[in-house]
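Here the structure comes first, spelled out in structure tokens, and everything after it is commentary.
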Amino acid sequence: MRIKEMADRTGVSERLLRYYEEQGLLTPARLPSGYRVYSDADVDTVRHIRTLLAAGLTTATIARVLPCVRDDGPGLAPVCPGLVAELRQERERIARAIEDLRASQGMLDTIIGAGPAGTATPTRQPVPEG
DNA sequence: GTTCTGACA
DNA sequence: TGTCAGAA
């Protein structure tokens, strides 16, 4: 199928499909005209890309992870040996990013708290670890 | 008519 | 990511 049908089937814009290819996440064949040709399997791949993107992985990481996952109906299932370990590292990376954001939030709370009355933002409640 | 690449917001 | 231009 060509890009238009692919976009309709996946719900992902043509622009994004081209971007995924540029990032090495998808490698559709080409017609003599230069038009991209996607396979049915590519539809599942795009679904996996969306899932991994939602999980906070970068396109570079997804490119490495993609060939190591199996279609598990609704989601994905890890296949390669070192995959789970790498995903754990990604999780730590995200945890550190959250810490940094919390610190930034704290800084702003301090600044806001020093301003005019009634403009302070309530402190957030702690979130449970996963 | 549909898609491609490159560029800009 | 969306959108537009110019070419095929």
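For the numbers below, each heavy atom of this structure counts, side chains included, while hydrogens, waters and symmetry mates do not.
Note on L53(A) and L76(A): same hydrophobic cluster, where clusters join Ile, Leu, Val, Met, Phe, Trp and Tyr whose side-chain heavy atoms are under 4.5 Å apart, directly or indirectly. The hydrophobic cluster containing L17(A) does not contain Y35(A), counting ILVMFWY residues as joined when their side-chain heavy atoms lie under 4.5 angstrom apart, directly or transitively.
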For a quick test of your reading: what N or O donor-acceptor pairs under 3.5 Å do the side chains of residues 4-12 of chain A make, sequence neighbours left out?
residue: R9(A); atom: NH2; partner: D40(A); partner atom: OD1; Å: 2.7
residue: T10(A); atom: OG1; partner: M6(A); partner atom: O; Å: 2.8
residue: T10(A); atom: OG1; partner: V12(A); partner atom: N; Å: 3.2

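Here CG of L26(A) is found 12.0 Å from NE2 of H48(A). Values are rounded to the nearest 0.5 Å. Rounded to the nearest 0.5 Å, atoms CD1 (I49(A)) and CG (D44(A)) are 11.0 Å apart. Distance CZ/R2(A) to CZ/R36(A): 13.0 Å, rounded to 0.5 Å.
OP1 or OP2 of dC4(B) has at least one side-chain nitrogen or oxygen of R36(A) nearer than 4.0 Å.
Taking only side-chain atoms of R50(A), from C-beta outward, the nucleotide of dT1(C), dT5(B), dT3(B) with the closest atom is dT1(C).
No salt bridge links R64(A) with E90(A); every basic N to acidic carboxylate O contact stays at or beyond 4.0 Å. At a threshold of 4.0 Å, the pair E14(A)-R18(A) counts as salt-bridged, since one of the basic side-chain nitrogens sits closer than that to a carboxylate oxygen.
Interface residues of residues 11-31 of chain A facing DNA chain B, ordered by number: R15(A), R18(A), R30(A); criterion, heavy-atom separation under 4.0 Å.
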Please write out the pairs of protein N or O atoms and N or O atoms of nucleotides 4-8 of chain C separated by less than 3.5 Å, giving the distance to one decimal.
none

